[in-house]
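Down below is the structure, laid out as structure tokens.
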Amino acid sequence: MTQPATIRRVRGRRPRLLDLFCCAGGAAVGYARAGFAVDGCDIAHRPNYPFPHHRGDALTYLAHLIATGGIRRYAFVHASPPCQHGCALTVGTNASQGWGRAHVDLVAPTRDLLDATGLPYVIEQPNGRAKIRKDLTLCGEMFGLGVIRHRNFELGGWTIARPTHVPHRGRVRGYRHGQYFDGPYVAAYGNGGGKPSVPELQAAMGIDWTDVREELTEAIPPAYTQHIGAAFLVATALEVVA
């Protein structure tokens, strides 16, 4: 693996982070709270993204930054490639419906380009068949959230202590096979079947800057990346002055 680049500490400036496949900014807000200045990139129009961002293909943009030297503006990269290829939810649905090969696995090409940057990075994916190292797994219960929402993170060029998984306090609220179950968590995916309202979903995820259901169900809670970003800044002794 390419060795991480040396990161200079500049007093009074936040280290800059590149957020690839940024969606509406669940990850970005967490990193900003940890102390980063964040730039995003997503192929879709993201008017609710709360930071500067480039609209375009994330891997094409990353390759451009590497080729032009623009990547040197950054201290860290976060990438959340589309997960439909390997997500446990969509894999099961695809199998039951006889679907398949409708989604492209972008994890490997994302990793190749991230390694080429020489920067420390994170690749995030949900539980399922995505071929990433599960260097870190986070759950909403670790942060007192109203969702479970397990997410796995591969760490490139740095490490972090793995927190102990906290037992869940009950079930996810909603219907399962025609039977309704109550519980302390809401289902942060899909629609119908006892799924939460948008305000309930916002409160459970800790997200208040978008009220678009599809963006909320695709997001990761900012608490996850605030935890990751703070740990990275401590591990690399980066100086952050707000």
Side-chain angles (χ1 to χ4, degrees), residues 19-34 40 42 46 48-50 78-93 103 107 122-130 132-155 160 162-176 181-231:
D19 178 21
L20 298 172
F21 310 96
C22 65
C23 194
V29 168
Y31 285 120
R33 290 173 181 169
D42 199 279
R46 298 295 184 185
N48 292 321
Y49 191 78
H78 174 100
S80 295
C83 61
Q84 289 89 347
H85 173 85
C87 174
L89 289 171
T90 56
V91 165
T93 300
H103 302 290
V107 171
V122 163
I123 301 175
E124 175 266 327
Q125 290 284 279
N127 281 339
R129 298 178 185 173
I132 67 167
R133 294 191 317 271
K134 297 180 181 179
D135 297 323
L136 177 67
T137 299
L138 297 178
C139 167
E141 183 59 28
M142 295 176 177
F143 304 97
L145 299 177
V147 290
I148 292 177
R149 207 152 185 79
H150 293 124
R151 287 296 182 269
N152 302 306
F153 301 86
E154 178 176 320
L155 312 182
I160 186 175
R162 293 176 61 96
T164 301
H165 186 260
V166 179
H168 302 160
R169 291 172 287 120
R171 300 189 65 113
V172 175
R173 190 186 80 200
Y175 284 93
R176 302 291 183 277
F181 297 93
D182 202 359
Y185 311 104
V186 300
Y189 58 87
N191 205 347
K195 299 295 192 301
S197 67
V198 165
E200 287 177 320
L201 193 51
Q202 289 174 311
M205 297 273 286
I207 294 175
D208 61 6
W209 63 90
T210 178
D211 58 1
V212 178
R213 177 178 286 276
E214 290 75 13
E215 292 182 342
L216 289 164
T217 58
E218 290 180 6
I220 63 175
Y224 292 13
T225 46
Q226 183 173 357
H227 172 81
I228 292 170

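On a predicted model such as this, the values are computed, not experimentally measured, just so you know.
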Query - Counterpart residues, side-chain contact (heavy atoms from CB on, under 4.5 Å), relative to Asn191 (two or more places apart) - result: Arg213
Query raised in the report: Is any side-chain heavy atom of Phe153 less than 4.5 Å from a side-chain heavy atom of Ile160?
Result: no
Requested in this report: List in chain and number order the residues that pass salt bridge (charged side-chain N to carboxylate O under 4.0 Å, His left out) with Arg46, two or more places apart in sequence or in another chain; answer none if no residue qualifies.
Outcome: Asp42, Glu215, Glu218
Requested in this report: Compare all side-chain heavy atoms of Leu138 with those of Ile220 and state whether any distance is below 4.5 angstrom.
Outcome: no
Report task. Could you point out which residue of Val147, Ile207, Val29 forms a side chain to side chain contact (heavy atoms under 4.5 Å, CB included) with Pro221? Result -> Val147
**Report entry** Selection residues 210-231 - residue pairs positive for ring pair (Phe, Tyr, Trp, His ring centres under 6.0 Å), sequence neighbours left out
**Finding:** Phe143-Tyr224, Phe143-His227
**Report entry** For Glu214, side-chain contact (heavy atoms from CB on, under 4.5 Å) partners two or more places apart
**Finding:** Val212
Query raised in the report: With sequence neighbours excluded, what pairs up with Phe181 under the side-chain contact (heavy atoms from CB on, under 4.5 Å) test?
Result: Arg171, Arg176, Gln179
Requested in this report: Start with the C-alpha distance between Phe21 and Glu124, add both sets of side-chain angles, then the distance that settles side chain to side chain contact (heavy atoms under 4.5 Å, CB included), and finish with yes or no.
Outcome: CA-CA 10 Å; Phe21 310 96; Glu124 175 266 327; over 6 Å; no
Requested in this report: Check whether any side-chain heavy atom of Trp209 sits under 4.5 Å from a side-chain heavy atom of Pro222, and report yes or no.
Outcome: yes
Query raised in the report: Without hydrogens or angle criteria, can the side chains of Tyr31 and His78 be said to hold a donor-acceptor pair below 3.5 Å?
Result: yes
Query - Donor-acceptor contact below 3.5 Å, side chain Arg149 vs main chain Ala188 - result: yes
Query raised in the report: Which residues pass the salt bridge (charged side-chain N to carboxylate O under 4.0 Å, His left out) test with Asp135, sequence neighbours left out?
Result: Arg133
